[in-house]
S.K.: 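Submitted below is the structure of interest, expressed as structure tokens.
Each chain gets a letter, A, B and so on, in the order the sequences are listed, and its residues count up from 1.
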Number of protein chains: 2
Amino acid sequence: MTECRVKECRVKDRKTAILEAAARVIAHHGVRGLRVEELAAEAGVSKALVYYHFGDRAGLLRHTLRFIGDRAERYTGGGPPGPPGTPGPPRAPKDAALELERRLLLELRDTPEVRENSTAWGELRASAVFEPELREELARAGRQWVREIADLLGRIDPSPPDAALVGAAERLTVLLEGLSTRWLIGVLPVGHASELMRGAIAAEVEALRLREPRQACAVA
Amino acid sequence: MTECRVKECRVKDRKTAILEAAARVIAHHGVRGLRVEELAAEAGVSKALVYYHFGDRAGLLRHTLRFIGDRAERYTGGGPPGPPGTPGPPRAPKDAALELERRLLLELRDTPEVRENSTAWGELRASAVFEPELREELARAGRQWVREIADLLGRIDPSPPDAALVGAAERLTVLLEGLSTRWLIGVLPVGHASELMRGAIAAEVEALRLREPRQACAVA
DNA sequence: GTCTATAATACGATAGAC
DNA sequence: GTCTATCGTATTATAGAC
């Protein structure tokens, strides 16, 4: 089904081309602005082919959500989709704390790839309020993303119970989504968003450390 | 222009009726699903009247955003719009910490009013990524909301510099938006969202306290 | 699998009377 | 300020050939 045999991998099957175009169009005009005709033109195929492959508009959105999630999974160099992001250093697992910060800040860089992935993901997430068929995929991606962040937190400080790690991870990932949204809206400069993210990481890590208060002042 | 002279205040001018209907319709079908015809029917007026009062669809959205913000301002019993919420105890300023928690959790209650306001606000916020004319109002509301939370944080602990209070407030309000979104999507039970919010408040308050590390263990 | 052509209609916006 | 009637077109989706 795919013709990808040459080094450059330029020849894609049209189904994939449609999904890539969908991500691009959604990032530029939103889910509401997604016209099947425009999408087809962008992908270089006919309108009818879109319906052939995805049934209807809703099916297209569902597949696009999954596609974006999978793409981010490869891009972040790790497990999760989530509010997807983009390339980054080929994964050098130095200190867990640094890796955690790297992972979370990966989604807050003003590059075309991050913008496109994050904008499209944010749009689809917002649509999910009214399109229940998107929820399962969102929930799945969210869980995976939380799990990964929780594991990184656990590598920084293994003492807290898993529930506490997961709670912190949930807060950090949800905050990231919120920051990303504000950034993309244009009411929050991306640098400020990163700074806030760093602050939250620090606060959460500190809070995890303070779970055993006796220990807190022992060193002092 | 308004006929509101009887105790029940039931007779509203049609412009207001349109805005209320807009909030309702957006909460039920999203900005994407807002059809001017349906809105008019919901408000009990003609389609043409909507255009007369608001010019076009975009103008309608702009005014609706402001309307929802103002309504939340009254509802929360305080200053801010923001990810708007609803009624609550007629504002008993007990302890600042409790007031802070009350304010933030006000937006995470599963009542028809909160759902409607939050859903509509979330939709309009998401739309703002592609409709720049909504940004100014969103930024204004966001600043006001942050200011209020920062002030409450300052009442809990006056020692940190204002920038630190504002940073914490920004994180808390952005997190609230994210939690609200996830709740409304249906991937996060409202009780769990509240729990996460409380955890974040605790972490931020603690982090503010630890800004002067020498002080931290003095009491111990 | 992929295309062209077209059906069917939903939707935003306006004209003009009252 | 408010209505009814209508216009023009943008969009989704399908039919049917290749």
S.K.: Want to settle it: does G44(A) or R32(A) sit nearer the 5' end of DNA chain C, counting the closest nucleotide to each?
M.R.: G44(A)
S.K.: If I take atom CG in residue L60(B) and atom P in nucleotide dG12(C), what distance separates them, rounded to the nearest angstrom?
M.R.: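 That distance rounds to 10 Å.
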S.K.: Is H63(A) reaching over with its side chain to a backbone N or O of G59(A), donor-acceptor style, under 3.5 angstrom?
M.R.: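 Side chain of H63(A) to backbone of G59(A), a donor-acceptor pair under 3.5 Å: yes, one is there.
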S.K.: Given side chains that start at C-beta, do those of H29(B) and L34(B) come closer than 4.5 Å, heavy atoms only?
M.R.: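 No, their side chains stay 4.5 Å or more apart.
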S.K.: Could you state the atom-to-atom distance from CZ of F54(B) to C1' of dG12(C) in whole Å?
M.R.: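 Roughly 16 Å, once rounded to whole Å.
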S.K.: Report, as yes or no, whether the 6.0 Å neighbourhood of atom CD on E133(B) holds more than 12 heavy atoms from other residues, nucleotides or ligands.
M.R.: yes
S.K.: Rounded to whole angstrom units, what separation is found between the CZ atom of R35(A) and the P atom of dA10(C)?
M.R.: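 Going from CZ in R35(A) over to P in dA10(C) covers 16 Å.
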S.K.: In this structure, how many angstroms lie between the P atom of dG12(C) and the CD atom of E38(B), rounded?
M.R.: 10 Å
S.K.: Heavy-atom count around E136(B) CD within 6.0 Å, excluding the residue itself: above 12?
M.R.: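 Not buried by this count: 12 neighbours or fewer within 6.0 Å.
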S.K.: Under 4.0 Å between a side-chain N/O of R14(B) and OP1 or OP2 of dT2(D), yes or no?
M.R.: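 Checking R14(B) against dT2(D): at least one side-chain N or O falls below 4.0 Å of OP1 or OP2.
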S.K.: Would R32(A) and E123(B) count as a salt bridge (charged side-chain N to carboxylate O under 4.0 Å, His left out) if you check the C-alpha gap in whole Å, the side-chain angles of each, and the deciding distance to 0.1 Å?
M.R.: CA-CA 12 Å; R32(A) 178 168 201 279; E123(B) 266 295 289; over 6 Å; no
S.K.: Nearest to the side chain of H53(B) - dG1(D), dG1(C), dG12(C)?
M.R.: dG1(D)
S.K.: With heavy-atom distances below 4.5 Å as the criterion, would you say the side chains of R125(B) and T181(B) are in contact?
M.R.: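 Yes, side chains in contact.
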S.K.: Whole Å only: how far is the CG atom of L61(B) from the C1' atom of dG12(C)?
M.R.: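 Checked: the CG to C1' distance equals 13 Å.
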S.K.: Name the closest nucleotide to the Y52(B) side chain, picking from dG12(C), dT2(D), dT2(C).
M.R.: dT2(D)
S.K.: Just the rounded figure in Å: distance from P of dT4(D) to CD of E37(B).
M.R.: 11 Å
S.K.: Would you say Y51(A) and V36(A) make side-chain contact, with heavy atoms under 4.5 Å?
M.R.: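 Sidechains of V36(A) and Y51(A): in contact.
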S.K.: Base contacts versus sugar-phosphate-only contacts with protein, heavy atoms under 4.0 Å: please encode nucleotides 13-18 of chain D as B, S and - from 5' to 3'.
M.R.: BBB---
S.K.: Students often get this wrong, so: under 4.0 angstrom with heavy atoms, is L34(A) touching a base, only sugar-phosphate, or nothing?
M.R.: sugar-phosphate
